[in-house]
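Heads up: numbering here begins at 1 and tracks the sequence. Counting starts at 1 for both ligands and their atoms, following the listed order.
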Amino acid sequence: MAKSNIVWHDHSVSRDSRETRLGQRGIVVWFTGLSGCGKSTIVNALDQLLFDAGRATTVLDGDNIRHGLCSPPERLAEEHSDEFAKRFGLGFGETDREENIRRIGSVAALMAASGLITLTAFVSPYRRDRDRVRKIVNDQREGDFVEVFVDTPLEICEARDPKGLYKKARAGEIKNFTGISDPYEAPENPEIHLRGGDDRTPVDQATEVLGLLADRMKLAS
Ligand SMILES: Nc1ncnc2c1ncn2[C@@H]1O[C@H](COP(=O)(O)OS(=O)(=O)O)[C@@H](OP(=O)(O)O)[C@H]1O
Ligand SMILES: Nc1ncnc2c1ncn2[C@@H]1O[C@H](COP(=O)(O)OP(=O)(O)O)[C@@H](O)[C@H]1O
């Protein structure tokens with residue numbers, strides 16, 4: 001393949017300077033799990049706990065990111081040509097999910113490099129896609145990627161069905177629905193394994209994650 005002629009440009013404000021000013025290490029906390037497992041709710045609770053503790057955070061959430069950076073073709077077609085929408089819009093096929101996670105992974109790595117505690121909530125069903133993000137983040141600095149598996153059984157996610165998507169998927173109205181007509185590859189060695197579907201609240205779960213993150217967010221002394 002031909003060389004791309006793209007050259008990295010270094011900037012004068014270093015990552016260390018940014019992190020020293022913020023008093024924390026920038027990390028990526030990557031939540032993965034089935035639709036309805038609790039990712040967004042737990043991330044939101046964790047973000048609130050971190051914010052209240054004076055931390056600088058940001059949240060990348062699948063539902064929101066698919067309103068902008070990773071819009072589906074139908075949304076793009078409202079503003080752009082059909083050809084553009086088809087080319088750049090992302091659905092839920094395997095390759096579209098791969099590109100979704102590639103874009104988010106890249107953004108998450110940039111945010112962590114700015115010193116932010118970056119919380120992400122994506123189904124991200126393919127191990128290979130998650131591992132690529134792990135590599136990008138850890139290549140910047142080892143140990144900064146924290147995978148959190150929200151392990152809520154499918155039956156519970158389906159019973160919750162807050163958006164009615166499982167019902168539609170069972171009726172064949174949504175194709176490629178994770179857990180129903182599309183695979184979910186569970187993490188083999190997540191840094192944090194949260195078992196969902198018991199009587200713990202999202203705040204309990206977020207508090208557990210916060211405890212496990214404490215050392216990773218600290219600046220080296
Ligand atoms: N086919 C299919 N499979 C799974 N999920 C679907 C699908 N179609 C729409 N949705 C809704 O989109 C949200 C998942 O988007 P993500 O960007 O997180 O998906 S992925 O990481 O690219 O797999 C997901 O959000 P959550 O329920 O918050 O997980 C769903 O609301
Ligand atoms: N620990 C929990 N206990 C009970 N219900 C929960 C818990 N966590 C999330 N939920 C509920 O489950 C539903 C799906 O949660 P959500 O955060 O939207 O999942 P996801 O982002 O993984 O799709 C919501 O109605 C939410 O209130």
* Asked: Can you list the steps and then say if Arg160 with Thr152 is a side chain to side chain donor-acceptor pair (under 3.5 Å)?
  -> CA-CA 11 Å; Arg160 288 177 178 166; Thr152 307; 4.5 Å; no
* To do: Below 4.0 angstrom from a heavy atom of Leu165, which ligand 1 atoms are there? Numbered from 1 as shown, please.
  => 11 (C), 30 (C), 31 (O)
* To do: Please state whether Cys37 comes within less than 4.0 angstrom of ligand 2, counting heavy atoms only.
  => yes
* **atom 25 (O) of ligand 2: nearest protein contact (heavy atom, Å)** => Pro162 CB, 3.9 Å
* Of the listed options Ala159, Gly36, Ala45, Cys157, closest to atom 20 (P) of ligand 2 (non-hydrogen atoms) -> Gly36
* Structure fact -> If we number the atoms of ligand 1 from 1 as shown, the ones under 4.0 Å from a heavy atom of Asn176 are 1 (N), 2 (C), 3 (N)
* Check ligand 2 against Leu34 and write out every atom of the ligand that is under 4.0 Å from a heavy-atom position of the residue. => 22 (O)
* **Numbered atoms of ligand 2 (with element) below 4.0 Å of Arg200, judged on heavy atoms** => 1 (N), 2 (C), 3 (N)
* To do: Give the numbers and elements of all ligand 1 atoms closer than 4.0 Å to a heavy atom of Lys39.
  => 29 (O)
* Nearest to atom 21 (O) of ligand 1, what protein heavy atom do you find, and at what distance? -> Ser124 N, 2.8 Å
* Cation-pi check, Arg130 to Phe145: give yes when NZ or CZ is under 6.0 Å from the six-membered ring centre and within 45° of the ring axis, no otherwise. => no
* **Closest protein heavy atom (residue, atom, distance) for atom 3 (N) of ligand 1** => Arg97 NH2, 3.2 Å
* Structure fact -> In this structure, CD1 of Ile101 is separated from CZ of Phe122 (nearest 0.5 Å) by 6.0 Å
* Structure fact -> Atoms of ligand 1 under 4.0 Å from any heavy atom of Ile101, numbered from 1 in the order shown, are 21 (O)
* Just jot down the ligand 1 atoms closer than 4.0 angstrom to any heavy atom of Pro125, in number order. => 23 (O)
* Asked: What's the shortest distance from atom 18 (O) of ligand 1 to any protein heavy atom, and which residue and atom give it?
  -> Val123 N, 2.9 Å
* Could you verify whether a donor N or O on one side chain and an acceptor N or O on the other, from Gln48 and Asp52, lie under 3.5 Å apart? => yes
* **Crowding at CG, Asn189 (>12 non-hydrogen neighbours, <6.0 Å)** => no
* **Nearest neighbour in protein (non-hydrogen) for atom 19 (O) of ligand 2** => Gly38 N, 3.1 Å
* Short list, please: which atoms of ligand 1 are under 4.0 Å from a heavy atom of Phe177? -> 1 (N), 2 (C), 3 (N), 4 (C), 5 (N), 6 (C), 7 (C)
* To do: Looking only at distances, please establish whether an N/O atom of ligand 2 is found under 3.5 Å from an N/O atom of Ser40.
  => yes
* Structure fact -> Only residue of Ile136, Val137, Asp129 satisfying side chain to side chain contact (heavy atoms under 4.5 Å, CB included) with Val133 is Val137
* **Protein residue, atom and distance nearest to atom 8 (N) of ligand 2, heavy-atom basis** => Pro202 CG, 3.6 Å
* Asked: Which atoms of ligand 2 have any heavy atom of Thr41 under 4.0 Å away?
  -> 9 (C), 15 (O), 16 (P), 17 (O), 26 (C)
* Asked: Mind checking whether Ser35 has a heavy atom under 4.0 Å from ligand 2?
  -> yes
* To do: Any atoms of ligand 2 less than 4.0 Å from a non-hydrogen atom of Gln205? List them with their elements.
  => 1 (N)
* **From CG (Leu76) to CZ (Arg87), nearest 0.5 Å** => 12.5 Å
* Mode of Arg160 contact toward ligand 2 - side chain, backbone, both, neither (heavy atoms, under 4.0 Å) -> side chain
* **Distance filter under 4.0 Å to Phe122 heavy atoms, resulting ligand 1 atoms** => 17 (O), 18 (O), 21 (O)
* Structure fact -> For Thr201, the atoms of ligand 2 under 4.0 Å from one of its heavy atoms are 1 (N)
* Just jot down the ligand 1 atoms closer than 4.0 angstrom to any heavy atom of Ser35, in number order. => 26 (P), 27 (O), 29 (O)
